[in-house]
Amino acid sequence: MAEVRLRALILREVDFGDFDRYLTVLTEYGRKSEILYKNARRGKKQNPAARQFCYSELILSERGGKYALRDADLVHSFFSLAEDIERYALACYLAEVAGAVTGPDEDSPAVSRLLLHALYALEGKKRDPALVKAAFEWRVLAESGYAPDLADCGVCGQPIMQPPVCFSVRAGTAADEKCAARIGGYERLADGALRAILHVLSAEPQKAYAFALSGPAREQFCRMAEAYVQYHLGRGFDSLVFYRSLQTKGEKP
């Protein structure tokens, strides 16, 4: 039985049997793994570093490609997110998306860094949660092979030299105004939304959330990001449904 040491963010925990628990983690290298935490719910000495939204140093036993937790030392916890149910629900959604685009056989370190910095941004409460969500959605899809092409017209193939730029969520491509009108299915991007998308796609992960946006450009940037994830991953997310239900409850009549 081999010993493995790694840093990982715990995305999810699921109780198993009478005392055990399975942890879904995203390693610092961007691999998703399932870890058995035996006796996680037995006795009073439960390890607080082995809970959801802890970024921890894990010591594992590995046998036949399966992992069991021996010990965990906390690097940073995002427990404070649980103090705000909307931010916690949003963090769960971001973790679910990260889990959907990663797996056990391929490294995706950018996804791991993007998720960590998104959680730091939510924890710090200095960034608009809706913009953090949308920025993560745009960039994590780009890192997963679904990068939108905003430089060239997806219809005629020519570079788009000046605004307006139109965009198709389904095609994942931009089009100039003339081609967009001829083909259909493209939406004209507000200048602010276009600048925000370009920033998010090109910035270092720790700077991807460092921007502000308001008005119709903010609405478009956020709406299209969510649609882009759902269309290109071909699925919905239970955590997103829960997050949206909390927003609906919080709306004033």
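All residue numbers in this chain count up from 1 along the given sequence.
Ala142 and Pro148 get closest at one heavy-atom pair: CB-CD, 4.5 Å. Residue Tyr93 comes nearest to Ser239 through the heavy atom pair CA-OG, 3.1 Å, listed as atom of the first residue, atom of the second, then distance. Nearest heavy-atom pair, Ser144 versus Val101, reported as atom, atom and distance to 0.1 Å: OG-CB, 3.3 Å. Pairing each heavy atom of Leu213 with each of Gly192, the nearest pair is CD1-O, 3.6 Å. Minimum interatomic distance between Pro129 and Leu90 (heavy atoms only, all atoms of both residues): O-CD2, 3.5 Å. In terms of heavy-atom proximity, Ala40 sits nearest to Arg21 at CB-CB, 3.7 Å.
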Exercise for review: Before giving the answer on side-chain contact (heavy atoms from CB on, under 4.5 Å), spell out for Gln158 and Asp176 the whole-Å C-alpha distance, their side-chain angles and the decisive distance to 0.1 Å.
Suggested key: CA-CA 9 Å; Gln158 296 299 310; Asp176 60 48; 5.7 Å; no
Check your understanding: Between Arg223 and Glu187, is a salt bridge (charged side-chain N to carboxylate O under 4.0 Å, His left out) present by the stated rule, with each step listed?
Key -> CA-CA 12 Å; Arg223 171 176 51 80; Glu187 179 180 342; 2.6 Å; yes
Practice item. List the steps and the verdict of ring pair (Phe, Tyr, Trp, His ring centres under 6.0 Å) for Tyr55 and His76. Key: CA-CA 5 Å; Tyr55 187 55; His76 184 87; 8.5 Å; no
Practice item. Evaluate side-chain contact (heavy atoms from CB on, under 4.5 Å) for Asp71 paired with Leu58, printing each intermediate quantity in order. Key: CA-CA 6 Å; Asp71 201 2; Leu58 305 180; over 6 Å; no
Exercise for review: Run the numbers on Asp128 and Val132 for side-chain contact (heavy atoms from CB on, under 4.5 Å), then give the verdict.
Suggested key: CA-CA 6 Å; Asp128 179 347; Val132 173; over 6 Å; no
Exercise for review: Please step through side-chain contact (heavy atoms from CB on, under 4.5 Å) for the pair Tyr88 and Gln52, ending with a clear verdict.
Suggested key: CA-CA 11 Å; Tyr88 171 74; Gln52 184 185 33; 2.7 Å; yes
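Side-chain polar atoms of Glu226 and Tyr231 form no donor-acceptor pair below 3.5 angstrom. Glu204 and His117 share no side-chain donor-acceptor pair at under 3.5 Å. Side-chain polar atoms of Glu28 and Ser112 form no donor-acceptor pair below 3.5 angstrom.
With a 6.0 Å cutoff to the six-membered ring centre and a 45° limit on the axis angle, Arg235 counts as a cation-pi contact of Phe237. A cation-pi geometry, defined here as NZ or CZ lying under 6.0 Å from the six-membered ring centre and within 45° of its normal, does not hold between Arg41 and Phe19.
Annotation: the span from Leu240 atom CG to Glu137 atom CD amounts to 7.5 Å, rounded to 0.5 Å. Rounding to the nearest 0.5 angstrom, the gap separating the OG atom in Ser108 from the CG atom in Leu114 is 10.5 Å. Rounded to the nearest 0.5 Å, atoms OH (Tyr243) and CD (Glu96) are 14.5 Å apart. Distance check, rounded to the nearest 0.5 Å: CZ of Phe221 to OG of Ser214 gives 13.0 Å. Interatomic distance, CZ of Arg70 versus NZ of Lys38, reported as 14.0 Å (0.5 Å rounding). Atom CG in Asp152 sits 10.0 Å away from atom CE in Met161 (nearest 0.5 Å).
At least one donor-acceptor pair under 3.5 Å links the side chain of Thr27 to the backbone N or O of Tyr29. Although no hydrogens or angles enter the test, the distance criterion places a donor-acceptor pair under 3.5 Å between the side chain of Tyr37 and the main chain of Asn47. Formation of a donor-acceptor pair under 3.5 Å by the Glu62 side chain with backbone atoms of Val4 is not found in this model. Judged purely by atom type and a 3.5 angstrom limit, Arg139 uses its side chain to pair as donor or acceptor with the backbone of Ala203.
Environment of OH in Tyr120: crowded, with over 12 heavy atoms of neighbouring residues, nucleotides or ligands closer than 6.0 Å. When the shell of 6.0 Å around CZ of Arg127 is examined, it contains more than 12 heavy atoms from other residues, nucleotides or ligands. At most 12 non-hydrogen atoms from other residues, nucleotides or ligands lie less than 6.0 angstrom from CZ of Arg170. Around atom CD of Glu106, no more than 12 heavy atoms belonging to other residues, nucleotides or ligands sit under 6.0 Å away.
At a threshold of 4.5 Å between side-chain heavy atoms, the hydrophobic network of Ile, Leu, Val, Met, Phe, Trp and Tyr places Val165 and Phe211 in one connected group. Under a hydrophobic clustering in which Ile, Leu, Val, Met, Phe, Trp and Tyr are joined whenever their side-chain heavy atoms come within less than 4.5 Å, directly or via other members, Ile35 and Val75 fall into different clusters. Val97 and Ile10 fall into different hydrophobic clusters, defined by Ile, Leu, Val, Met, Phe, Trp and Tyr side-chain heavy atoms under 4.5 Å apart, directly or through other members. Tyr186 and Leu198 fall into different hydrophobic clusters, defined by Ile, Leu, Val, Met, Phe, Trp and Tyr side-chain heavy atoms under 4.5 Å apart, directly or through other members. Taking hydrophobic clusters as Ile, Leu, Val, Met, Phe, Trp and Tyr residues chained together by side-chain heavy-atom distances below 4.5 Å, Leu116 does not share a cluster with Leu23.
With contacts defined as side-chain heavy-atom distances shorter than 4.5 Å, the pair Arg12/Val14 qualifies. Between Phe78 and Leu122 the shortest side-chain heavy-atom distance does not fall below 4.5 Å. In this structure, Val25 and Leu11 have side chains that are not in contact, with every pair of non-hydrogen atoms separated by 4.5 Å or more. Residues Val169 and Phe167 meet the side-chain proximity criterion, which asks for heavy atoms closer than 4.5 Å. Here the side chains of Asp238 and Phe242 are not in contact, with every heavy-atom distance at 4.5 Å or above. Within the 4.5 Å cutoff, side-chain heavy atoms of Leu119 are placed close to those of Leu9. Counting heavy atoms from C-beta outward, Glu13 and Thr24 have side chains that stay 4.5 Å or more apart. Counting only heavy atoms from C-beta outward, the side chains of Arg113 and Glu143 never approach each other to under 4.5 Å.
Ionic pairing of Arg188 and Glu177 is present here: one or more N-O contacts between side-chain nitrogen and carboxylate oxygen are shorter than 4.0 angstrom. The residues Arg5 and Glu3 are annotated as salt-bridged, a charged nitrogen and a carboxylate oxygen being separated by less than 4.0 angstrom. Between Arg42 and Asp20 there is no salt bridge, since no side-chain nitrogen of the basic residue lies less than 4.0 Å from a carboxylate oxygen of the acidic one. A salt bridge is defined here as a Lys NZ or Arg NE, NH1 or NH2 lying under 4.0 Å from an Asp or Glu carboxylate O, and Arg244 with Glu86 fails to meet this definition.
In this pair, His232 and Tyr146 present their aromatic rings tilted. The plane angle is within the 30 to 60° band.
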